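Computed from a prediction, not measured in an experiment: that's the story for all the values here. Side-chain atoms are counted along with the backbone in the values below, which use heavy atoms only and exclude waters and symmetry mates. Order of the sequence lines fixes the chain letters, A, B, ..., with proteins taken first and strands second; residue numbering starts at 1 for each chain.
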Amino acid sequence: MAYNHHEIEKKWQERWETSGVFQAKDQSNKPKFYGLIEFPYPSGAGLHIGHPRSNTAMDIIVRKRRMQGFNVLYPIGWDAFGLPTENYAIKTGRKPEEVTRENIDTFRRQLKSLGFSFDWSREVSTTDPEYYKWTQWMFLEFFKAGLAYKAKMPINWCLSCKIGLANEEVVDGMCERCGGATEKREKEQWMIAITKYADRLLEDLETVNYLEKIKIQQRNWIGRSEGVNWKQKIKDLDIVLEAYDSVPQTFMAQTFAVIAPEHPLLKTIVAGTPNEKEVMEYARQITQKKAGKGFEVDKEVDGIFTGRYLDNPFGTGDLPIWVASFVVMDYGTGFVNCSAHDERDFDFAKKYNIPLRPVMFPVDAVEAEKVKNLEVCYHHDPEAIMQAPAPFVGRKWGEVREEIISYVVEQGFGERAVNYKLRDWVFSRQRYWGEPIPLVSCEKCGWVPLPDNQLPLILPDVEKYEPTDTGESPLAAMTDWVNTTCPTCAGPAKRETDTMPNWAGSSWYFLRYIDPHNNDAFALKEKLSYWMPVDWYNGGMEHTTLHLLYSRFWNKFLFDRGYVTTSEPYAKRTSHGLILASDGTKMSKSKGNVVNPDEVVSQYGADAVRLYQMFMGPFAEPVPWSVNGLIGMRRFLDKVTALPQLIKADESVEVTRCLHQTIKKVSDDIENMRFNTAVSQMMIFVNTAKEYGSITKDSFKTFLYLLCPFAPHLANELQEGLGEEGMLEEKTWPEFDAALAKEEMVEIGVQVSGKVRGTITLSPETQEADALELANANANIARHLEGKEVVKVIYVAGKILNIVVK
RNA sequence: GCCGAUGUGGCGGAACUGGUAUACGCGCGCGACUCAAAAUCGCGUGGGGAAACUCAUGUGGGUUCGACUCCCACCAUCGGCACCA
């Protein structure tokens, strides 16, 4: 029975709004529940159909929590600084704040049209000065703690965006945002020392309930590695170079060393050697080549001998130092000792005829011979037998690591060292549409933070939003703004013209939701203490290594400064799968396969869209969009609408049983984010009620409670239609009765020697002998047993009967 | 190359702890209603076979009375990382 979704959606959305039923209370006798979804970036394209997948899922969870008696915080806001808006503003000559406001209005309207139970009174936007005041304040906290520093360093430079990019923002040498080419450039950048927190970010993963794959990705990204830093002098020079080695077991095999072409000491090292010019020219070329796009590391293993040697303290001969293309400057020390037991080193040595000297061999004699003859590179085999150094001869490679490290440290060859793949956070952007960095540069005092009473430092109006050709932000062209006085000495000073990255505002937004209108603090500590940590945070896998890591770090820092009360911000983190286009590819504007949420909501109703988002497939998996699937959900809701016609004083026991099974399944499935099977169980219930032709008012009411988190508009409308007082949002989540849910009779398969030959219907309490009797009464089963000797009977009550014959 | 995930009808997918594989939805077929169509409702629907039965959960092995589920080897697709010594 078709219902008018336009009317009822409008009606209930208004009622939710005027009643304030979704507004979280900062004090309550109820237990608290803080449910969070990633706040969207309000792009000009409007809400993506993928957004509601995460939002609906968390909406269902928090709606259930409210009905379970929790004081729920489910907030929403906007991550509204950033490049797409700025680029759009440049193109159209409009102000970014104006464009942002419009985009937010669109997003707000679209989210409201889906009936999410957000507490709109706590809405925040990172672009609001009242918000970014605190982002700036927090940056200054980093600065004051010595964690924000300016460093001249090679950065990734996007040629078309004209900004410096974090390593994380470069994908395959291309800019993550615009897809354009990047190159390396030296630039003074504000950095934040996230690496100081690397160990804690790693260790504290043990204390949180994140999906295992999220933890694994974070661990890999942090990339902690333990090993040894060799200390070694360059022959004829007064230079000691360290080389990091995470596989120090085979140090006796080292026969040469390599240095990164961009190594700052290279010039000094080759000075005065016969081939000085040649080497430097080679290093210059290869540095350029490495920075350019399309440099394929494995195809271009190149190098040149520097003419210098390393004094080898191990007594195995001096090591020639080569410049090699494959050495990474920003990991370890940019200088590496090489041996036969590393594939790159092995290939490099073969190419340039550098001697190799293996020191461990396979047990198998034939294989060992190959290693001896340098036919293969042998490495990372726990069973390998060591041949050097003397104290370890005959031992297994897989067992000596710790002992060898202790040994080399005692011998004074080097020291224990730890390295991370994680790099410090490049915090500067040479762009307009971001938080201004609230520091001034004074000739006398250096970098000086603005005092609190000068925050927020408002982003000034500029004429043009294009970055300057020098790579500075548009703010640099505003001399009135740039020239200021030093807060410390009142002398002339200049403002920092770089702005902050998006990741800044999004690193702490979950804290602002807790006290969004506070002018004296980013949030009152008592309130933080009440609400934190976030109980359940759902978001995309694409944010695992950036946003999720940055915000954990940010929160830990605030925790160390005493501003927040939990060391970890999120108790639980889950992840949703992408919604793909109907052809199974990613939705994109250029392909024209994007689904417009406004259209489908208008045509099929918000409830059908919500339901379909949950039904379409396993929540964590990517699933293609299908209009037909959506239509099916609408049909189901129409069927539900017709159900009141079946209301009678009594219902058959099957309907009652199915209801309680449904209560159980829906309750459990929501907790485990198995929304697809929860929906299918509700369909089964409706089918059952129709099949038996009757349902009591109470049962129908209970069903509406279960349906409400998924399809809140219709559920409320139908509940009201029953003459019930109050909104479903104020009702109590139903309890399931195990006795009522239990099946009296079940049909089980009967196997003869493992093959199903028939079924029997019996009570789960039936004894084996009675079950066998029933089985024998089945003609087909009896036929298969005839004349056979029964060897064994397996009877699992309520599940299976298997009669094994010879 | 490394890490992670996935592979089941025509399609999206379900299957608890190893116990009747294909729930639920879509699509399709037939029927009812209709002048007709749409919508709706009813019935049917993995392949082969009249049936008994048989073949089917990416491929090949194994464990088991019994395997989508556990073990070994491999293939394919997707996502992430990628000269990290």
Before accepting this row, confirm whether a basic side-chain N of the pair [X]/[Y] lies closer than 4.0 Å to the acidic partner's carboxylate O.
{"X": "K350(A)", "Y": "E343(A)", "value": "no"}
{"X": "K215(A)", "Y": "E206(A)", "value": "no"}
{"X": "K351(A)", "Y": "D302(A)", "value": "yes"}
{"X": "R401(A)", "Y": "E226(A)", "value": "no"}

Within the structure shown, what part of the strands sits under 4.0 Å from [X] by heavy-atom distance: base, sugar-phosphate, or nothing?
{"X": "N687(A)", "result": "sugar-phosphate"}
{"X": "R757(A)", "result": "sugar-phosphate"}
{"X": "N780(A)", "result": "sugar-phosphate"}

Hey, what are the protein-to-nucleotides 31-34 of chain B N/O distances that come in under 3.5 Å?
none

Of rA52(B), rC3(B), rC83(B), the nucleotide closest to the side chain of R344(A) is rC83(B)
Considering only atom C1', compute the distance from rU22(B) to rU45(B) and round it to an integer number of Å.
12 Å
>> I'd like the C1' distance from rG60(B) over to rA76(B), given in whole Å.
In response: 15 Å
Examine [N]: is either OP1 or OP2 under 4.0 Å from a nitrogen or oxygen in the side chain of [X]? Give yes or no.
{"X": "Y244(A)", "N": "rC84(B)", "answer": "no"}
{"X": "N220(A)", "N": "rA82(B)", "answer": "no"}
{"X": "H341(A)", "N": "rA85(B)", "answer": "no"}
{"X": "R635(A)", "N": "rU40(B)", "answer": "yes"}
{"X": "S225(A)", "N": "rA85(B)", "answer": "yes"}

Its glycosidic angle compared against 90° from 0, rG9(B) adopts the form syn
Whether each nucleotide of nucleotides 5-20 of chain B has a protein heavy atom under 4.0 Å at its base (B), only at its sugar-phosphate (S) or at neither (-) is summarised, 5' to 3', as -------BSSSB--BB
Given the options N337(A), D342(A), D345(A), Q254(A) meets side-chain hydrogen bond (donor to acceptor under 3.5 Å, both in side chains) only with N337(A)
Scanning all shown strands, the Watson-Crick or wobble mate of rG29(B) with both distances under 3.5 Å is rC43(B)
Is it possible for you to check whether R423(A) lies under 6.0 Å from the centre of the six-membered ring of Y331(A), through NZ or CZ, and within 45° of that ring's axis?
no
Item to complete: Step through the shown structure and confirm whether more than 12 heavy atoms of other residues, nucleotides or ligands are within 6.0 Å of CD on Q767(A).
Response: no
